[in-house]
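Structure first, commentary second.
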Amino acid sequence: MRTQVGIVGAGPAGLTLARLLERAGIESVVLEDRTREYVEQRIRAGVLEQGTVELLREARVSERLDREGIVHGGIHLQFDGERHRVPLAELAGGRPIVIYGQTELVKDLIEARLASGLPLHFDVSDVRVEEFGTERPRVRFVHGGEADELECDVIAGCDGFHGISRPSIPAGVLSVFEREYPFAWLGILAAVTPSIDELVYAHHGRGFALLSLRSPELSRYYVQCDPADDPDDWSDDRIWVELRARTALDGWALEDGPILEKSVTGMRSFVAEPMRYGRLFLVGDAAHIVPPTGAKGLNLAVADARALAEALIDWYAGAGPGGLDRYSDACLRRVWRAEHFSYWMTSMLHKLSNDPFEHRLQLSQLRYVTSSQAAATSLAENYVGLTTM
């Protein structure tokens, strides 16, 4: 096969990139090693920055998002038995966040791709990216039991942290920066009307908790746990007891219901730079991971896709390789800002140890954020997404 851009990975990064290129008349082929059913069902992030929403509207894939997305103008920080609202939109120039599950976004992008009749191959195997140091990179893979080869001008590695794109870059090229956190999130999806109107981030002596939602009928909740925990070790009763203990508030009650899914997600900060080698470009989680506390992972992936799409559009229009040459540096400025914000939120809200001194420092920081307009504005601007970087 021959195409202009070979895209490895059909997550938000790869599908968004493919859609933006399609709108500009640039050919692409998308390869995914999972089945369509798996890709459309895996539960991931659900907080969209305003810039992400606007991009999806420009790409003409926002019809369901605009209809079903839940607009939030703030979040709540809870600590010391009190709940404080941070008015994000008010502090950040009117920009809100939108609650819309990554699974739904992926479904929308897949539907748009298939409706256009463009190549999107699921369940491929033995994927290899090769010759990306030349002007004719190739992707070799097996699909339907047959070996195949895709020749292209550029390869976009959108295949996530565990994908093959980043490890294919020669040793010594990438600098890797990472931090493993000594805790994880146990996340649940429950068939119960959310007990909150906006997200609640709760700091508690037993550990962190987050109350979120996916729809008027589905709640998405998290509790801090040990990375070694097996979800099966957490009975439904234990989960609800722990959630109630960490989010208890006078005059307010957390409603429980059937738990549809539960999983444990480790916490990691990770950046590989540069995000390019030859004609192989790393996009999204293939290049960077943030702890989910700051709600940045999905938004960073979409921002990377936009940056690479714009650079490719200019390149194919004859503007030269300048945009492609600047891609990595431009993305990494945004990535490192998001890494710091996510680290700051994580360190402020989670139980880091049994050290009472550390606990008091966290409470002091939370009181400052919720009592200082300057501090709250900094949180708000970062949370809804900075407009310039």
Side-chain angles (χ1 to χ4, degrees), residues 11-12 15 34 36-50 52-53 56 61-76 78 83 85 88 96-111 184-202 208-225 229 231-232 234-249 252-265 292-299 301-302 383-384:
L15 292 169
R34 301 284 193 169
R36 178 180 177 182
E37 291 73 22
Y38 178 89
V39 171
E40 291 187 337
Q41 292 174 10
R42 54 187 171 189
I43 301 295
R44 293 292 187 272
V47 176
L48 305 186
E49 297 174 357
Q50 185 62 26
T52 300
V53 173
L56 296 170
V61 285
S62 69
E63 180 180 350
R64 197 158 65 94
L65 164 62
D66 289 331
R67 185 174 66 249
E68 300 177 10
I70 304 170
V71 179
H72 283 184
I75 61 171
H76 295 269
Q78 182 173 325
R83 189 173 291 174
R85 185 173 187 268
L88 300 176
I97 56 173
V98 177
I99 307 301
Y100 190 68
Q102 178 174 313
T103 50
E104 306 309 313
L105 172 58
V106 166
K107 290 175 186 175
D108 296 341
L109 288 164
I110 289 175
E111 183 179 346
W185 280 9
L186 173 75
I188 66 164
L189 187 69
V192 59
T193 300
S195 298
I196 39 89
D197 295 326
E198 294 177 323
L199 278 67
V200 175
Y201 287 78
F208 169 76
L210 171 61
L211 305 180
S212 184
L213 62 155
R214 283 296 175 267
S215 75
E217 298 81 27
L218 291 175
S219 299
R220 183 72 165 146
Y221 298 152
Y222 303 87
V223 292
Q224 178 181 344
C225 67
D229 282 358
D232 293 335
W234 285 78
S235 68
D236 291 7
D237 285 344
R238 181 187 177 192
I239 291 170
W240 289 117
V241 166
E242 205 61 38
L243 279 167
R244 285 199 177 92
R246 300 183 191 191
T247 62
L249 204 64
W252 174 85
L254 178 68
E255 298 295 330
D256 62 25
I259 294 178
L260 307 177
E261 297 182 15
K262 52 186 172 182
S263 61
V264 171
T265 301
T293 326
K296 289 284 158 267
L298 169 60
N299 295 290
V302 171
Y383 197 95
V384 305

query = Does the side chain of I70 come within less than 4.5 Å of L213's, by heavy atoms?
reply = yes
ask   = Quick one: are H76 and L211 in side-chain contact, heavy atoms under 4.5 Å?
value = no
request  = First locate atom CG of L109, then atom CD of E104, and finally report the distance between them rounded to the nearest 0.5 Å.
outcome  = 11.5 Å
ask   = Does L105 reach the side chain of L298, with side-chain heavy atoms less than 4.5 Å apart?
value = yes
key: Minimum heavy-atom distance P231-L186, with the two atoms named   = CA-CD1, 4.3 Å
query = What are the two closest heavy atoms between G46 and R214, and how far apart are they?
reply = N-NH2, 3.6 Å
query = Hey, what do you get for CD1 (I99) to CG (L65), rounding to the nearest 0.5 Å?
reply = 11.0 Å
Gap between atom CD1 of I188 and atom CD of E261 - 0.5 Å precision = 11.0 Å
message = Measuring only between side-chain heavy atoms, which start at C-beta, is R246 closer than 4.5 Å to Q78?
response = no
request  = Quick one: closest heavy-atom pair of P216 and P194, and the distance?
outcome  = O-CD, 3.4 Å
task = Taking the side chain as every heavy atom from C-beta outward, state whether I239 and Y221 have any atom pair closer than 4.5 Å.
result = no
key: Verdict with reasoning, V61 to L15, per side chain to side chain contact (heavy atoms under 4.5 Å, CB included)   = CA-CA 11 Å; V61 285; L15 292 169; over 6 Å; no
note = Separation between OG (S235) and NZ (K262), nearest 0.5 Å, reads 6.5 Å
request  = Give a yes or no on whether the backbone of S195 and the side-chain of W252 come within a donor-acceptor separation of less than 3.5 Å.
outcome  = yes
task = Look up atom CG in D237 and atom CD1 in I259, then write down how far apart they are to the nearest 0.5 Å.
result = 8.5 Å
inquiry  = Nearest 0.5 angstrom please: L254 CG to S219 OG, how far?
reply    = 8.0 Å
inquiry  = Less than 4.0 angstrom from a charged side-chain N to a carboxylate O is my criterion; do E40 and R36 meet it?
reply    = yes
task = If the plane angle is over 60° it's perpendicular, under 30° parallel, otherwise tilted; pick one for F208 and Y201.
result = tilted
pair R83-I196: side-chain heavy atoms closer than 4.5 Å = yes
key: Any P12 side-chain heavy atom under 4.5 Å of Q102 side chain   = yes
query = Does the pair Y100 and V53 meet the rule for a side chain to side chain contact (heavy atoms under 4.5 Å, CB included), with working shown?
reply = CA-CA 10 Å; Y100 190 68; V53 173; over 6 Å; no
task = Just do the side chain to side chain contact (heavy atoms under 4.5 Å, CB included) check on D256 and V192 with the steps written out, would you?
result = CA-CA 6 Å; D256 62 25; V192 59; over 6 Å; no
ask   = Below 4.5 Å, heavy atoms only, C-beta onward: do V223 and W234 meet side chain to side chain?
value = yes
task = Can you see which heavy atom on T247 is nearest to which on A202, and at what distance?
result = CG2-CB, 4.1 Å
Heavy-atom closest pair, residues Y383 and E49 = O-CG, 4.1 Å
Closest heavy-atom pair and its distance - N299, V47 = ND2-O, 3.0 Å
key: Contact list for residues 192-201, test salt bridge (charged side-chain N to carboxylate O under 4.0 Å, His left out), sequence neighbours left out   = R85-E198
